[in-house]
Amino acid sequence: GGLTVSRYENQKRRDWNTFGQYLKNHRPPLALNMCSGAHVLEFLRYLDQFGKTKVHAAACPFYGHPNPPAPCPCPLKQAWGSLDALVGRLRAAYEENGGKPETNPFGARAVRLYLREVRDLQSKARGISYEKKKKKRKHPSDAP
């Protein structure tokens with residue numbers, strides 16, 4: 001439907017503006033063409049302060065619990081899924097705004113590795129397996 005396209009486009013534009021703002025406020029200010037994967041990682045870490053996903057430290061008694069029974073002091077972070085989607089939108093926006101695909105910092109290997117690391121950390125900390133969700137069982141009768 002047309003609605004989802006425009007929602008994606010709006011979100012992408014907002015994300016791009018947020019990133020532009022980040023570059024502007026960066027000390028020293030960063031030009032887009034000087035942006036590297038390392039700067040993207042900096043940006044993703046900066047976004048953690050606005051995150052809403054509780055990520056437990058390994059020492060926390062709720063480490064590995066999807067639904068902890070009580071509050072704890074562990075930090076809130078951006079959920080892996082949000083970061084993954086954000087990077088995808090920004091990667092597209094970068095090229096739409098005149099960036100060259102081969103210098104796209106959002107496609108950098110460091111960024112992909114960081115996202116994988118965040119996913120693994122969060123799945124362990126929150127007791128959630130991201131792999132399981134994707135696989136759909138064709139035959140429920142195969143279940144043990």
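- Taking the side chain as every heavy atom from C-beta outward, Lys54 and Pro68 never approach each other to under 4.5 Å.
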Exercise. Check the pair Tyr114 / Leu44 against side chain to side chain contact (heavy atoms under 4.5 Å, CB included), numbers first and verdict last.
Key: CA-CA 9 Å; Tyr114 176 74; Leu44 296 179; 3.8 Å; yes
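- Tyr63 is listed as a side-chain neighbour of Lys124, based on a closest heavy-atom distance under 4.5 Å.
- Contact check for Thr18 versus Phe43: side-chain heavy atoms found under the 4.5 Å cut-off.
- The OG atom of Ser6 sits 11.5 Å away from the CD atom of Gln11 when rounded to the nearest 0.5 Å.
- Of the possible polar contacts, one joining the Arg112 side chain to the Gly107 backbone as a donor-acceptor pair under 3.5 Å is found.
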Name the atoms and distances for all side-chain donor-acceptor pairs under 3.5 Å in residues 86-102, with sequence neighbours left out.
unit_1: Arg89; atom_1: NE; unit_2: Asp15; atom_2: OD2; d: 2.4
unit_1: Arg89; atom_1: NH2; unit_2: Asp15; atom_2: OD2; d: 2.9
unit_1: Tyr94; atom_1: OH; unit_2: Thr103; atom_2: O; d: 3.3
unit_1: Tyr94; atom_1: OH; unit_2: Thr103; atom_2: OG1; d: 3.4
unit_1: Glu95; atom_1: OE2; unit_2: Asn104; atom_2: ND2; d: 3.0
unit_1: Glu96; atom_1: OE1; unit_2: Lys12; atom_2: NZ; d: 3.0
unit_1: Glu96; atom_1: OE2; unit_2: Lys12; atom_2: NZ; d: 2.6
unit_1: Asn97; atom_1: ND2; unit_2: Ala93; atom_2: O; d: 2.6

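- Side-chain contact between Ser129 and Ser123: absent, with no pair of heavy atoms (C-beta onward) separated by less than 4.5 Å.
- Smallest separation of non-hydrogen atoms from Gly37 and Ala108: CA-CB, 3.8 Å.
- A donor-acceptor pair under 3.5 Å is formed between the side chain of His26 and the backbone N or O of Pro28.
- Here the side chains of Arg45 and Glu42 are not in contact, with every heavy-atom distance at 4.5 Å or above.
- Each of Trp80 and Val55 belongs to its own hydrophobic cluster when Ile, Leu, Val, Met, Phe, Trp and Tyr are linked at side-chain heavy-atom distances under 4.5 angstrom.
- Aromatic ring pairs are classed by plane angle as parallel below 30°, tilted from 30° to 60° and perpendicular above 60°; the pair Tyr22 and Tyr46 is tilted.
- One hydrophobic cluster, built from ILVMFWY side chains closer than 4.5 Å, holds both Trp16 and Val40.
- Counting heavy atoms from C-beta outward, His39 and Leu30 have side chains that approach closer than 4.5 Å.
- In the model, Arg14 has no side-chain atom that pairs as donor or acceptor with a side-chain atom of Asn17 under 3.5 Å.
- Contact annotation: the side chain of Phe19 approaches that of Leu32 to within less than 4.5 Å [non-hydrogen atoms, C-beta and beyond].
- Using a 4.5 Å cut-off on side-chain heavy atoms (C-beta onward), Cys35 and Leu23 make contact.
- For His65 against Pro61, the heavy-atom pair with the smallest separation is CD2-O, 3.8 Å.
- The minimum heavy-atom distance linking Cys74 with Ala57 is given by the pair SG-N, 3.3 Å.
- The only member of Leu83, Asp120, Leu41 that meets side-chain contact (heavy atoms from CB on, under 4.5 Å) when paired with Leu115 is Leu83.
- Side chain of Gln78 to main chain of Asp48: no donor-acceptor pair is present (N/O by atom type, distance under 3.5 Å, no hydrogens or angles).
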